[in-house]
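Have a look at the structure below before the remarks.
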2 protein chains.
Amino acid sequence: MRIILIYLFRLIHYSSSMVKNSEKILADHNVSITNPRVFVLEVLLENKGPITLDELQSTLKNKVAKSTLYRVLNDLKKINILDEFTSPENQTVVELSLSENDHHHHVFCTNCGEVEDITLSEVFEKQLSDEITNIHKTSKYLIKEHTLELIGLCSDCD
Amino acid sequence: MRIILIYLFRLIHYSSSMVKNSEKILADHNVSITNPRVFVLEVLLENKGPITLDELQSTLKNKVAKSTLYRVLNDLKKINILDEFTSPENQTVVELSLSENDHHHHVFCTNCGEVEDITLSEVFEKQLSDEITNIHKTSKYLIKEHTLELIGLCSDCD
DNA sequence: CAGTAAATGAGAATAATTCTCATTTATTTA
DNA sequence: TAAATAAATGAGAATTATTCTCATTTACTG
């Protein structure tokens, strides 16, 4: 019985798509697969969206050394699958950006500090890209990227 | 002769509009007028636009203690006339926001690190505010503010 | 499976920001 | 206007965030 349970546990554990995904992501980017990297990626994948550095650190407290966490985050930034930004309350926030075309923006709640992803309508993104074209004409700036952050109250705090 | 020179110097000094403005700003917000506060405001007013914390610090190196500079910046934030944000390269940037209606956005040059103010067309701001109304309907977020940051190359670096 | 290169943990070093407290400056009061 | 009180400052200590160092461990290569 015990053997069976252990077997089942390992089966479930290793077939978890999280683990497979993490390792695949690293392999796909020619980054060696190590425990700290997999642990960090698992948390980022599970979380599905932006997460504060504080939360990431406390989640991984006893699994990954603090210096290693910073190193892993820098590794992920280097291969362009991690975005970092600062909340209006000056909290560092990170988020996986795995595919090229998952363009989106962020909403911050000024009361509870939550950050969420938000996708703007195609119509509006088109209007924004037109505006950026105009900016290029008038200001000579060549715009490559943009970030739009909305600040307000989430439904819980409203 | 010496007396006259001193008089002229003081006349020029005190009639400088910068000084007057700085003192008026502080008085208008019920903040006591002190040398460090006036010095910081002068630099921010002269600069006319966003300035990195590093640049502000080096400009005021021998006039204002570092701890005082942080305190003064916090004072200005508290009375809502200073915005702080972080550049894509993780530099802290501050900017005076004296009037309610000078709403604008920022352009960052990824090459030289320059930050500039940019004002979007009224048409586009209207489109943005419509989009925010839609977000409220679908996501239940109540949006109070927004920041749009454009990232690219300035005319010198393009 | 051994050998080499890369990654990690623990904590030291550095950088950024806030705090402490004795002194100075501004404001209030008589 | 001077004395008394409150607030602000400078200098550096304390705290926090991030990077660096180096001995040890882990991953990749043949």
Side-chain angles (χ1 to χ4, degrees), chain A residues 14 19-20 22-44 50-79 81-94 113, chain B residues 14 19-20 22-43 51-79 81-94 113:
Chain A
Y14 286 115
V19 172
K20 278 215 201 100
S22 302
E23 301 197 352
K24 185 171 187 327
I25 290 166
L26 293 171
D28 286 350
H29 288 87
N30 281 4
V31 173
S32 61
I33 294 161
T34 64
N35 279 330
R37 285 172 181 163
V38 169
F39 293 154
V40 172
L41 273 176
E42 276 175 41
V43 176
L44 293 174
I51 184 172
T52 64
L53 189 54
D54 283 346
E55 201 177 333
L56 194 57
Q57 278 181 338
S58 66
T59 306
L60 293 165
K61 199 159 35 215
N62 301 312
K63 290 179 108 176
V64 179
K66 204 196 294 185
S67 53
T68 303
L69 177 56
Y70 278 104
R71 269 187 293 232
V72 169
L73 293 178
N74 283 332
D75 295 339
L76 300 181
K77 280 186 226 164
K78 216 167 288 168
I79 60 175
I81 64 167
L82 189 80
D83 279 350
E84 180 182 313
F85 51 94
T86 306
S87 79
E89 290 87 20
N90 277 343
Q91 281 242 39
T92 298
V93 181
V94 295
Chain B
Y14 286 114
V19 172
K20 278 214 202 101
S22 302
E23 301 196 353
K24 184 169 189 325
I25 290 166
L26 293 171
D28 286 351
H29 289 86
N30 281 5
V31 172
S32 62
I33 294 160
T34 64
N35 279 330
R37 284 173 182 162
V38 169
F39 293 156
V40 172
L41 272 177
E42 277 176 40
V43 176
I51 184 172
T52 64
L53 189 53
D54 283 346
E55 201 176 334
L56 194 57
Q57 277 181 337
S58 65
T59 306
L60 293 165
K61 197 157 37 214
N62 300 312
K63 290 179 109 178
V64 179
K66 205 196 295 186
S67 53
T68 302
L69 176 56
Y70 278 104
R71 268 188 295 231
V72 169
L73 293 177
N74 283 332
D75 294 339
L76 301 181
K77 280 187 227 165
K78 216 167 288 167
I79 61 175
I81 64 166
L82 189 79
D83 278 351
E84 181 182 313
F85 51 94
T86 306
S87 79
E89 290 86 20
N90 277 343
Q91 281 244 37
T92 299
V93 180
V94 296

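Quick note on labels: first sequence line is chain A, next is B, and so on, each numbered from 1.
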*Could you state the CD-C1' distance from A:Gln57 to D:dT16, rounded to the nearest angstrom?*
11 Å
*When you look at B:Gln91 and B:Phe85, which way does the side-chain contact (heavy atoms from CB on, under 4.5 Å) test go after all the steps?*
CA-CA 8 Å; B:Gln91 281 244 37; B:Phe85 51 94; over 6 Å; no
*Check: A:Val64 main-chain N/O paired with A:Thr68 side-chain donor or acceptor under 3.5 Å*: no
*asked:* Whether the side chain of A:Arg37 engages the backbone of A:Ser32 through a donor-acceptor N/O pair (distance < 3.5 Å, no angle test) should be reported.
replied: yes
*Does a side-chain N or O from B:Tyr70 land closer than 4.0 Å to OP1 or OP2 of C:dT17, or not?*
yes
_Which nucleotide in D:dG10, D:dA8, D:dT18 has an atom nearest any side-chain atom of A:Thr92_ = D:dT18
*Under-4.0 Å side-chain N/O to phosphate OP1/OP2 contact, B:Arg71 with D:dT9*: no
*Find the distance B:His29:NE2 to D:dA7:P and express it as a whole number of Å.*
20 Å
*Take A:Glu84 and A:Val93 through the test side-chain contact (heavy atoms from CB on, under 4.5 Å) and record every step on the way to the result.*
CA-CA 6 Å; A:Glu84 180 182 313; A:Val93 181; over 6 Å; no
*Mind calculating the distance between CZ (A:Arg37) and P (C:dG9) to the nearest angstrom?*
11 Å
_Pick the closest DNA chain C nucleotide for A:Lys63 and for B:Leu53 by heavy atoms, then say which residue is nearer the 5' end._
A:Lys63
Tabulate atom names and distances for all N/O pairs under 3.5 angstrom spanning the protein and nucleotides 24-30 of chain D.
| from | atom 1 | to | atom 2 | distance (Å) |
| --- | --- | --- | --- | --- |
| D:dC28 | OP1 | A:Ile33 | N | 3.2 |

*Round to a whole Å and report the spacing from NZ of B:Lys66 to C1' of C:dT14.*
11 Å
*B:Leu26 CG to D:dA8 P, straight-line distance once rounded to whole Å*: 11 Å
_Distance check, rounded to the nearest 0.5 Å: B:Thr34 atom OG1 versus B:Glu23 atom CD?_
10.0 Å
_Stepwise side-chain contact (heavy atoms from CB on, under 4.5 Å) check, A:Lys77 with A:Asn74_ = CA-CA 5 Å; A:Lys77 280 186 226 164; A:Asn74 283 332; 3.2 Å; yes
*Would you mind reading off the distance between B:Leu60 atom CG and D:dG10 atom C1', rounded to a whole angstrom?*
15 Å
*Roughly, in whole Å, what's the span from CG in B:Asn62 to C1' in D:dG10?*
13 Å
*Close side-chain approach of B:Thr92 and B:Thr52, heavy atoms under 4.5 Å*: no
*asked:* Let me test you: for the helix from C:dC1-D:dG30 to C:dA30-D:dT1, what is the angle between the axes at its two ends (five pairs each), rounded to 10 degrees?
replied: 40°
_d(CG, B:Asn90; C1', C:dA16) in whole Å_ = 12 Å
*Which nucleotide, C:dT18, D:dT9, C:dT17, lies nearest any side-chain atom of B:Ser67?*
C:dT18
